[in-house]
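Some notes on the structure that comes next.
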Amino acid sequence: MQLEKLYKPKLVEEKWRKIWEKYQIYKYSENSNKPVYSIDTPPPYVSATYLHAGHAMSYIQAEIIVRYKRMQGYNIFYPMGFDDNGLPTERHVEKKYKVDKTKIKREDFIKLCLKETDEVKKIYEKMLKSLGISVDWSLLYSTIGKLAQKIAQKSFIDLYNKGLIYQIEAPNFWCVDCQTALSQADLEDKERIGKMYYIKFSKIDNQSLIVATTRPELIPACVALYVNPDDKRYKKFIGNRVKTPIFNQEVEIKTSPDVEKEKGTGLMMVCTWGDAEDVKKWRKDKLDTKVIIDKNGIFNNLAGKYKGLKINQARKAIVKDLHNLGLIEKVEEVRQAVNVHERCGVPIEFLSSPQWFIKILDYKKEFLKRGRKLKWFPKFMKVRYEEWVNGLSWDWCISRDRYFGTPFPVWRCSKCGKVILADEKELPVDPREKSPKISQCPVCGNKEFIPETQVMDTWMTSSLTPLINAKWKEKKSLFKKIYPMSLRVQAFEIIRTWLFYTIVKSHFHTQSLPWDAVMISGWGLDKNGKKMSKSKGNFIAADKIVDKYSADGLRWWATNSSLGQSLRFSEEDVKAGVKLTNKLWNVTRFVLINIKNYKQSKAVKITEYTDKWIMAELQETVKKITNDFEHYDYNKARISLEKFFWLKYCDNYLELCKVRLNSDNKQAKLSAQFTLIKSLNILLKLFAPIIPYVTEEIYHILNNEKENHSIHLTSWPKVERQYLNKEIIKEGELLIKIMHQIRSYRLKKFNSHKQPIKQLAILTKTNHLENFIDEIQKIFKIDKIFFNKKIKGELFNLENYNTKIILD
RNA sequence: GGACGAUUAGCUCAGUUGGUUAGAGCGCUACAUUCACAUUGUAGAGGUCAUAGGUUCAAAUCCUAUAUCGUCCACCA
């Protein structure tokens with residue numbers, strides 16, 4: 001077969017994408033006896049709509065391991081999902097179609113969400129496929145899909161029955177922009193320059209006290225002032241009553257050791273509820289409740305003349321009035337970190353509303369224990385998990401006041417408030433559209449029920465991906481085979497959410513870990529080391545890179561750093577990957593040209609020393625790379641492979657080989673041909689997990705394989721002990737060193753690559769070097785070679801090898 | 001303020017339990033095109049391993065500080 005000089009990745013990759021799909025080579029086989037290896041992959045948010053090189057890096061790093069496992073003989077269960085559920089999707093649709101969820105019919109809004117997610121899914125699937133991600137697309141799930149909803153509702157019912165879920169009306173994190181309650185994990189810090197206002201409060205006896213606050217708009221919600229009990233300045237005022245400015249409401253001066261004397265004036269204003277600290281004091285000291293902000297972030301009746309204003313407007317208005325009254329002593333600029341909602345960036349408020357919670361605070365110890373049992377790759381990522389668990393201070397709020405999510409399978413009796421759960425058989429259920437199966441309340445006999453209208457937090461569903469994949473309580477045979485899953489793959493920023501919540505769920509539902517091991521990737525960054533983002537314009541679209549270069553090239557780049565480390569995008573490194581594929585291509589051309597009349601037969605054996613050498617090196621490489629992949633270390637594997645391929649195989653072995661391929665010595669030639677075919681086949685397999693397209697193409701050409709036989713379904717090379725030989729490897733190293741020295745000498749002395757060498761003397765104790773001499777002599781056109789005999793010429797000391805050579 | 005990671009050649013990154021002269025790719029310089037490959041080959045230049053101390057016969061590697069970058073958490077009056 002004739003190959004063109006240039007490898008054409010575009011055509012080849014497109015071709016194999018189609019063939020792989022046609023024969024479904026990545027399909028999980030239900031009836032196989034092979035051990036199962038199952039992977040829990042991140043379901044992308046459809047709101048993202050694009051895959052950038054950073055995402056691609058994360059997917060690829062894990063996928064390489066999956067390909068390796070497949071070749072190791074595992075029955076791979078590799079599903080893909082989409083997180084098309086909940087708040088992120090709603091916000092995305094609201095923005096894209098400029099709709100207001102309060103002004104559009106609920107059904108119409110949901111339809112819009114579904115339409116959008118369907119479109120985005122197609123884009124995603126295409127992008128992931130083009131990267132060569134070997135997912136079994138028949139295992140696709142979606143978090144808004146029926147199965148996921150059903151399992152999420154089952155999860156709720158199971159937890160409720162176990163007493164792990166409660167509903168309570170209490171102050172919670174609230175986003176006034178998204179108009180929903182949030183959980184601790186939804187928050188993010190944002191630094192900003194704020195203003196600290198020093199405001200005069202007056203005591204009953206008209207003496208004034210200065211209170212420092214960054215939120216003067218909360219004065220109408222002020223319910224107490226606090227000082228540190230040891231603060232000498234204020235000791236005498238403890239228990240006194242003070243009037244708030246403008247509103248003239250009386251509040252008491254109370255004490256708390258949490259108040260820092262140095263902050264502000266040492267006098268702290270406590271409101272309903274400015275921050276978590278306020279909530280804490282409100283609970284502990286049973287303070288009054290003066291809620292002035294409603295769900296939209298608009299001031300209500302209690303705010304008096306500021307009623308109807310938004311938070312920012314109210315702040316301006318109050319500050320202006322305070323100024324006019326001469327009640328502001330001074331204003332300072334301060335850097336402050338504000339808790340904002342990570343999806344919209346709007347500062348969170350505390351608002352009281354009935355919300356559902358899962359008890360997690362009582363189980364921190366158990367979660368830590370589970371964390372310690374999990375195999376972490378890389379290890380240091382475990383610390384991030386433990387930090388998060390230790391720092392938890394709120395139970396998990398799982399209800400959201402939104403539309404597009406899994407409904408709670410819950411009604412309440414309109415009279416006595418008894419909670420009525422849906423029957424497991426009728427799941428998934430939307431209580432707004434159906435009545436409960438029972439016709440009257442088991443407690444009071446009332447016949448009217450109120451459906452729960454909130455929906456679940458999106459993590460409530462995505463925390464169940466292992467159970468959704470395993471069809472928990474739906475398909476026992478499957479569950480038994482794939483659960484707990486073998487591997488979770490994700491990036492580090494969602495340890496506190498996805499990883500943590502998944503452990504929570506599995507702990508409660510199945511009393512086990514959800515997976516055996518977790519692989520955590522770093523971030524792919526732009527060339528300046530910044531996180532890629534579309535809005536900042538440093539967004540490198542993965543499909544564009546695949547289009548410009550190749551998927552194999554991009555995959556090669558993704559192996560450039562070790563697991564868990566961040567990696568800057570470098571177009572040059574993608575090019576290096578393309579270069580590698582081309583080199584592999586040309587090696588194949590070389591092999592094909594030189595095996596033209598070769599016929600495979602059992603009689604052919606490796607008899608020549610150079611062939612034995614490269615086989616020994618190759619076997620060592622197989623050993624090393626197998627070990628690296630077993631430790632999820634694609635980066636080390638790639639480095640070993642690259643070194644062997646370029647430095648030993650191409651630069652030296654193939655050159656040495658040429659001499660015999662052109663010679664009349666039949667056996668010497670046969671040995672080389674046999675070695676070439678064998679070694680190239682092994683090499684292809686070693687490269688296959690990293691660069692699946694080019695290896696597939698070459699494997700087929702080289703072996704004349706049928707279309708439906710994929711290299712990715714062949715077995716991983718085993719170490720063949722008969723070829724292992726440490727001594728010969730050592731001699732090979734020396735050989736390379738000698739050849740290098742000759743080339744260097746020749747170029748320096750004659751400024752030419754072609755100048756023949758008159759004489760070479762090798763002074764060494766190494767025994768078998770003369771086995772290589774024939775080839776060296778021909779390559780360098782050396783007249784005479786001497787062993788352990790001094791000649792006239794230039795001497796070079798090869799120190800590490802206890803060898804000297806003399807060149808003339 | 002606490003935690004984790006990073007800091008190695010012009011750039012992107014490796015560097016196993018401390019062990020000769022610290023590596024690769026890209027880029028750069030010189031030479032080479034009848035050769036499987038110019039998406040090439042050969043040779044070469046290029047590093048005080050962030051800084052300062054310490055442990056050791058021996059430190060990029062271990063310890064203690066410091067600096068810078070990234071991330072997470074805490075603080076939020």
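What you see is a predicted model, and the numbers here were worked out from it, not measured in a lab. Proteins get letters first, then strands, A, B, ... in listed order; numbering begins at 1 in each.
Looking at heavy-atom distances under 4.0 Å, A/E260 makes contact with a base. Among the atoms of the strands shown, only primed sugar atoms or phosphate atoms (P, OP1, OP2) are found under 4.0 Å from some heavy atom of A/M196. When heavy atoms are screened at a 4.0 angstrom cut-off, A/F569 is found touching no nucleic acid atom at all. Looking at heavy-atom distances under 4.0 Å, A/V259 makes contact with a base.
Side-chain polar atoms of A/Y549 and A/E571 form a donor-acceptor pair below 3.5 angstrom. Using modelled atom types and a 3.5 Å distance limit, the side chains of A/S550 and A/Y693 yield no donor-acceptor pair. A/K749 and A/Q755 share no side-chain donor-acceptor pair at under 3.5 Å.
In the interface, the side chain of A/E387 is paired with the base of B/rG2 through a donor and an acceptor atom under 3.5 Å apart. A donor N or O paired with an acceptor N or O is not found under 3.5 Å between the base of B/rC72 and the side-chain atoms of A/D189. A/K583 contributes a side-chain N or O that forms a donor-acceptor pair with the base of B/rC37 under 3.5 Å.
B/rG46: no Watson-Crick or G-U partner with both key distances under 3.5 Å is found in any strand. Within the shown strands, B/rG5 is the pairing partner of B/rC69 under the Watson-Crick or G-U definition, both distances less than 3.5 Å. Under the Watson-Crick and G-U wobble criteria, each requiring two contacts below 3.5 Å, nucleotide B/rG19 is paired to B/rC57. Nucleotide B/rG27 is matched to nothing when pairs are restricted to Watson-Crick or G-U wobble geometry with both distances under 3.5 angstrom. The base-pairing partner of B/rA52, taking Watson-Crick or G-U wobble contacts with both distances under 3.5 Å, is B/rU64. Partner assigned to B/rA77 is none, using Watson-Crick or G-U wobble distances below 3.5 angstrom.
Nucleotides B/rG46 and B/rU8 are separated by 14 Å at their C1' atoms, to the nearest Å. Of the P atoms belonging to B/rA50 and B/rA14, the separation is 14 Å, rounded to the nearest Å. One C1' atom belongs to B/rU34, the other to B/rU21, and the distance between them is 41 Å to the nearest Å. Comparing the same atom, P, in B/rU7 and in B/rC63 gives a spacing of 15 Å after rounding to whole Å. Taking atom P in both B/rG53 and B/rA59, the straight-line distance is 14 Å, to the nearest Å. Remark: the separation of the C1' atoms in B/rC62 and B/rG23 is 22 Å, to the nearest Å. Nucleotides B/rG41 and B/rC4 have their C1' atoms positioned 45 Å apart, rounded to a whole Å. Rounded to a whole angstrom, the distance from the P atom of B/rC13 to that of B/rG70 is 15 Å.
In this pair, A/F569 and A/W557 present their aromatic rings perpendicular. The plane angle is above 60°, beyond the 30 to 60° band.
Listed nucleotides: B/rC37, B/rA74, B/rA36. Nearest to the side chain of A/V587: B/rA36. Of the candidates B/rC37, B/rG5, B/rA43, B/rG5 carries the atom nearest the A/Q565 side chain, counting heavy atoms from C-beta on.
The phosphate of B/rG44 has OP1 or OP2 within less than 4.0 Å of a side-chain N or O from A/H740. For the pair A/T265 and B/rA77, the criterion of a side-chain N or O lying under 4.0 Å from OP1 or OP2 is not met.
The nearest heavy atom of RNA chain B to A/S744 and to A/R589 marks one nucleotide each, and the one closer to the 5' end goes with A/R589. Each of A/S566 and A/N339 was matched to the nucleotide of RNA chain B holding its nearest heavy atom; the match closer to the 5' end belongs to A/S566.
Two residues are said to be in side-chain contact when any heavy atoms from C-beta on lie closer than 4.5 Å; A/L267 and A/D231 fail this criterion.
The residue from A/F367, A/F500, A/Y501 that alone fulfils the ring-ring contact (aromatic ring centres under 6.0 Å, His included) condition with A/W396 is A/Y501.
In terms of modelled atom types and a separation under 3.5 Å, the side chain of A/N586 and the main chain of A/K583 share no donor-acceptor contact.
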